[in-house]
Amino acid sequence: MEFTASQIASFINGKIIGDENALITGVSPIESGESGHLSFIAQDRFAHHLDTSKCSVLIVTEALLNKDQYNPTIIAVKDAYLSFQILMNLYQEMQGKKEGVEDGSSIHDTAVIGERVYIGAFTYVSEKAKIGEGSQIYPQVYIGKGVKIGKNCKIDSGARIYDYCIIGDNCVIHSNTVIGGDGFGFQPTPEGFQKIPQLGNVIIEDNVEIGSNCSIDRATIGSTMIGKGTKIDNLIQIAHNVKIGANNVIAAQAGIAGSTTIGDWNQIGGQVGIVGHIKIGSQVKIQAQSGVNSSVSDKETVYGSPAISYNDYLRSYVHFRNLPELAKRINNLENNSKDKTNE
């Protein structure tokens with residue numbers, strides 16, 4: 001697709017500085033711009049590219065501009081990052097959606113398929129499953145018995161959604177993620193560990209995105225819950241009966257043990273481990289690689305393993321780094337004290 005600077009500015013309510021007819025045929029990172037390409041500058045640390053970028057058009061946060069003329073055409077906006085995001089969403093919408101059922105897929109007679117749905121080759125849709133209008137189910141997806149998928153969802157290749165799980169509207173599930181596998185429930189007996197049947201399901205509310213290679217386990221009874229607007233990165237384990245509220249972000253390789261409850265608007269860093277049967281409040285920040293083994297109140301920031309207050313951790317770490325020197329000083333003091341006593 002080709003756009004002029006003027007057309008792009010009209011999409012994002014930007015002000016043009018330079019050639020409004022400058023033609024754009026692609027996009028580039030600001031560090032490796034090309035002629036005919038578009039990029040953006042949203043932070044002061046990238047502002048030097050205003051004079052060196054080879055891009056034909058730059059979307060720039062207006063607070064970073066201090067001249068009347070630049071080599072590339074400038075589209076000045078209040079927030080360049082947000083404006084660029086808007087453009088990317090528009091471009092994605094322009095690509096259109098696939099529709100129809102490809103050869104090689106298998107759909108049970110009792111399944112209900114909405115209008116304008118796409119089902120890719122070698123996908124299996126089980127009995128009594130329901131898929132809402134406009135949803136895109138890519139090749140080699142498994143959809144279990146009684147599964148409900150809402151409107152305008154995207155389920156990427158290789159995803160597995162087990163029996164009776166429920167997916168809301170506008171959800172994205174990336175490749176090789178498993179929704180509704182058995183929870184890790186075993187009872188020790190004299191003969192070994194006996195499996196506890198996992199009879200519940202997983203409920204994922206609207207506008208949730210789940211990365212690739214994640215596992216969200218079905219509840220033993222009841223439902224494992226993922227609240228609306230929550231965004232889950234790749235390689236994440238969410239155990240049975242976990243309840244996650246709205247608008248959380250969870251970074252890669254985090255693991256949440258069974259029956260833990262998490263509130264709203266939390267930020268959970270990469271490789272965080274959270275034990276089972278505790279409560280995490282709302283607006284909590286858990287720093288990467290922390291191990292959380294007790295409940296956390298609203299608006300706290302925690303760090304470490306076991307995780308403690310972020311500020312307490314930083315103060316403690318200063319001493320921890322100096323432990324060899326501190327130990328040496330203590331030993332010297334003890335030796336001096338013994339020498340004086342012997343005198």
Side-chain angles (χ1 to χ4, degrees), residues 130-132 135 144 146-156 159-174 177-181 183-184 198-270 272-288 290 292 295-302 307:
K130 294 182 179 180
I131 300 175
S135 286
V147 165
K148 296 179 182 178
I149 297 174
K151 301 176 183 177
N152 300 313
C153 290
K154 179 184 177 186
I155 314 296
D156 273 322
R160 305 288 186 260
I161 304 174
Y162 288 13
D163 295 354
Y164 302 109
C165 291
I166 298 172
I167 314 295
D169 297 337
N170 307 309
C171 290
V172 177
I173 299 173
H174 290 277
T177 280
V178 176
I179 307 295
F184 193 64
Q198 306 292 294
L199 304 178
N201 70 344
V202 175
I203 297 177
I204 296 172
E205 296 183 342
D206 298 346
N207 302 307
V208 170
E209 181 156 349
I210 301 169
S212 61
N213 297 294
C214 295
S215 292
I216 302 178
D217 293 343
R218 69 195 307 107
T220 306
I221 54 174
S223 299
T224 300
M225 301 281 299
I226 310 295
K228 64 181 181 180
T230 286
K231 313 301 180 187
I232 296 172
D233 200 357
N234 306 323
L235 296 163
I236 285 174
Q237 159 68 18
I238 297 173
H240 55 187
N241 293 95
V242 167
K243 311 290 185 190
I244 296 177
N247 299 306
N248 292 277
V249 288
I250 307 174
Q253 298 182 345
I256 304 169
S259 299
T260 281
T261 299
I262 296 176
D264 304 330
W265 291 102
N266 297 298
Q267 299 177 36
I268 299 174
V272 164
I274 301 176
V275 302
H277 299 271
I278 65 171
K279 183 176 181 179
I280 308 295
S282 295
Q283 300 180 54
V284 170
K285 295 180 181 179
I286 304 175
Q287 305 294 323
S290 293
V292 183
S295 294
V296 180
S297 300
D298 292 349
K299 299 183 179 180
E300 282 197 47
T301 300
V302 297

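Judged by distance alone, with hydrogens and angles left aside, the side-chain atoms of Asn266 form a donor-acceptor pair with the main-chain N or O of Gly281 at under 3.5 Å. Distance alone, capped at 3.5 Å, is enough to place a donor-acceptor pair between the Ser135 side chain and the Gly150 backbone. Checking side-chain atoms of Asp156 against main-chain N and O of His174 turns up no donor-acceptor pair under 3.5 Å. Panel note: side chain Arg218, backbone Asp163; a donor-acceptor pair is recorded below 3.5 Å. Looking only at distances, a side-chain donor or acceptor of Thr177 sits under 3.5 Å from a matching main-chain atom of Gly211.
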Side chain to side chain contact (heavy atoms under 4.5 Å, CB included) evaluation trace for Thr301 with Gln287: CA-CA 7 Å; Thr301 300; Gln287 305 294 323; 3.3 Å; yes

Chi angles and distances behind the side chain to side chain contact (heavy atoms under 4.5 Å, CB included) call for Ile210, Ile216: CA-CA 10 Å; Ile210 301 169; Ile216 302 178; 3.7 Å; yes

Side chain to side chain contact (heavy atoms under 4.5 Å, CB included) between Ile155 and Ile161, worked out: CA-CA 10 Å; Ile155 314 296; Ile161 304 174; 4.2 Å; yes

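Between Ala257 and Ala239, the shortest heavy-atom contact is C-CB, 3.7 Å. Across Gly168 and Cys153, no two heavy atoms sit closer than the pair O-SG, 2.9 Å. When every heavy atom of Ile278 is checked against every heavy atom of Ser295, the shortest pair comes out as CB-OG, 3.7 Å.
Side chains of Val292 and Ile280 form a contact here, defined as non-hydrogen atoms less than 4.5 Å apart. At a threshold of 4.5 Å between non-hydrogen side-chain atoms, the residues Ile204 and Ile166 do not count as touching.
Here Asp206 pairs with nothing under the side chain to side chain donor-acceptor pair (under 3.5 Å) rule; sequence neighbours left out. Partners of Glu300 according to the side chain to side chain donor-acceptor pair (under 3.5 Å) rule, which considers only residues two or more places apart in sequence or in another chain, do not exist here. In this structure, the side chain to side chain contact (heavy atoms under 4.5 Å, CB included) partners of Asn234, at least two apart in sequence or on a different chain, are Ser212. Applying the side chain to side chain donor-acceptor pair (under 3.5 Å) criterion to Gln198, with sequence neighbours excluded, gives Thr220, His240. The side chain to side chain donor-acceptor pair (under 3.5 Å) check on Asp169 picks up nothing, with sequence neighbours excluded.
Rounding to the nearest 0.5 angstrom, the gap separating the NZ atom in Lys279 from the OG atom in Ser297 is 9.5 Å. A distance of 11.0 Å separates OG1 in Thr261 from CD1 in Ile256, rounded to the nearest 0.5 Å. To the nearest 0.5 Å, atoms CD1 (Ile179) and CZ (Arg160) are separated by 12.0 Å. A distance of 4.5 Å separates CD1 in Ile268 from CD1 in Ile250, rounded to the nearest 0.5 Å. Distance CD1/Ile167 to CD1/Ile149: 6.0 Å, rounded to 0.5 Å. Here the straight-line distance linking atom OG of Ser215 with atom CD of Gln237 works out to 5.5 Å at 0.5 Å rounding.
Side-chain contact annotation: Ser223 with Asn201, donor-acceptor N/O pair under 3.5 Å present.
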Compile the donor-acceptor pairs under 3.5 Å between side chains in residues 224-232 and protein atoms, sequence neighbours left out, one pair per line.
{"from": "Thr224", "atom 1": "OG1", "to": "Asp217", "atom 2": "O", "distance (Å)": "2.7"}
{"from": "Thr224", "atom 1": "OG1", "to": "Ala219", "atom 2": "N", "distance (Å)": "3.4"}
{"from": "Thr224", "atom 1": "OG1", "to": "Asn241", "atom 2": "N", "distance (Å)": "2.9"}
{"from": "Thr230", "atom 1": "OG1", "to": "Gly227", "atom 2": "O", "distance (Å)": "3.3"}
{"from": "Thr230", "atom 1": "OG1", "to": "Gly245", "atom 2": "O", "distance (Å)": "2.9"}
{"from": "Thr230", "atom 1": "OG1", "to": "Asn247", "atom 2": "N", "distance (Å)": "3.4"}
{"from": "Thr230", "atom 1": "OG1", "to": "Asn248", "atom 2": "N", "distance (Å)": "3.2"}
{"from": "Lys231", "atom 1": "NZ", "to": "Asn207", "atom 2": "O", "distance (Å)": "2.7"}

